[in-house]
Amino acid sequence: MIKREICPNCNGTLVPFGDGKLKCQCCHSVFDDTSVSDEEKSLLISASKLLRDGKFDEADEAFRDIISSSPRNHEAYYGRALARHGIVFVSDIRAGEGKKVPTCYITDVGSFVDDINYKKAIEFAPTGVKEEYIKQGNAIEKIIIEWKEKASKEEYDVFISFKASEDDTGEETKDAIEAAKLYSFLVSKNFKVFFAPVALKAYTSERFEPYIFNAINVAPIMIVYGQSQEHLEATWVRN
């Protein structure tokens with residue numbers, strides 16, 4: 001029997017929660033290991049890793065494949081809803097040490113709570129898990145609405161996308177240096193440009209995502225700059 005110890009949503013630690021259920025210590029997601037087979041668990045683990053890595057299209061397809069062979073798998077439906085809305089759970093010190101909260105990488109696909117996959121997850125989930133889906137879904141919906149309202153006042157002509165720092169050292173990439181030059185040039189030509197180091201300076205005490213996603217949605221031009229395939233495939237740049 002496959003025993004899950006890592007949370008599919010955020011990679012946090014799962015602990016027993018009574019009656020075969022498991023609860024994540026970081027994002028508080030609840031899972032019922034008695035309701036899925038070992039084969040389904042294995043597939044869910046793989047699909048959830050794609051989701052955590054920000055590979056939303058691939059995760060969507062993986063969860064859809066699980067649903068096609070197991071049409072009452074509530075975890076697959078919920079995972080697909082998360083993938084379709086680009087939901088990733090990230091660390092947030094404001095929520096407490098070691099706690100993780102949902103971040104929305106995609107905000108233009110409609111309401112989360114109205115998503116058919118989310119509704120199916122609630123329909124098929126057992127007691128305990130169902131309540132957590134509802135609680136988490138309402139939190140995600142609130143975040144999406146607040147972010148859209150907060151960011152909707154900004155307008156841009158151009159969005160510059162690039163990988164800002166190296167994963168291993170945290171140092172500024174050469175991409176960032178060249179992107180800064182491009183930003184200065186475009187501004188000198190009277191374009192209103194979203195360049196994260198400048199545009200987000202005023203929001204140091206807030207989450208950046210709503211402003212980033214709004215800029216992506218309103219700017220008619222996006223320039224993606226990268227000096228390597230690896231940098232172009234970085235999660236933020238790819239998404």
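This structure is a prediction, so every number in the text was calculated from the model and none was measured.
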Per the ring pair (Phe, Tyr, Trp, His ring centres under 6.0 Å) rule, what does the pair list look like for residues 18-55, sequence neighbours excluded? none
side-chain contact (heavy atoms from CB on, under 4.5 Å) assessment of N73 paired with F124: CA-CA 7 Å; N73 189 308; F124 296 132; over 6 Å; no
Check side-chain hydrogen bond (donor to acceptor under 3.5 Å, both in side chains) between [X] and all other residues, then give those that pass, not counting sequence neighbours.
X: T13; value: none
X: Y225; value: Q227
X: D60; value: R80
X: R72; value: none

With no hydrogens and no angle check, just 3.5 Å: does a side-chain donor-acceptor pair link [X] and [Y]?
X: Y78; Y: Q136; answer: yes
X: E166; Y: T173; answer: no
X: S42; Y: E39; answer: no
X: S111; Y: E141; answer: yes

Sorted by chain and number, sequence neighbours left out, salt bridge (charged side-chain N to carboxylate O under 4.0 Å, His left out) with D32 holds for none
Using salt bridge (charged side-chain N to carboxylate O under 4.0 Å, His left out) as the criterion, list what pairs up with R84, not counting sequence neighbours. D115
Across all chains, not counting sequence neighbours, the side-chain contact (heavy atoms from CB on, under 4.5 Å) partners of S165 are none
Go through the structure and list residues passing side-chain contact (heavy atoms from CB on, under 4.5 Å) with A47, not counting sequence neighbours. A62, F63, I66
Assess the residue pair I223 and V158 against the criterion (side-chain contact (heavy atoms from CB on, under 4.5 Å)); give the C-alpha distance rounded to whole Å, side-chain angles, the decisive distance to 0.1 Å, and a yes or no. CA-CA 7 Å; I223 298 174; V158 181; 3.9 Å; yes
Contacts table for residues 182-198: side-chain donor-acceptor under 3.5 angstrom, sequence neighbours left out:
residue	atom	partner	partner atom	Å
S184	OG	A180	O	3.2
S188	OG	F185	O	2.5
K192	NZ	E155	O	3.3

Side-chain cluster (under 4.5 Å, hydrophobic types only) that V15 belongs to, other residues: none
Is the shortest heavy-atom distance from the side chain of [X] to the side chain of [Y] under 4.5 Å?
X: K41; Y: D38; result: yes
X: I177; Y: E172; result: yes
X: V101; Y: F89; result: no

If the condition is ring-ring contact (aromatic ring centres under 6.0 Å, His included), which residues does Y118 pass it with, not counting sequence neighbours? F112
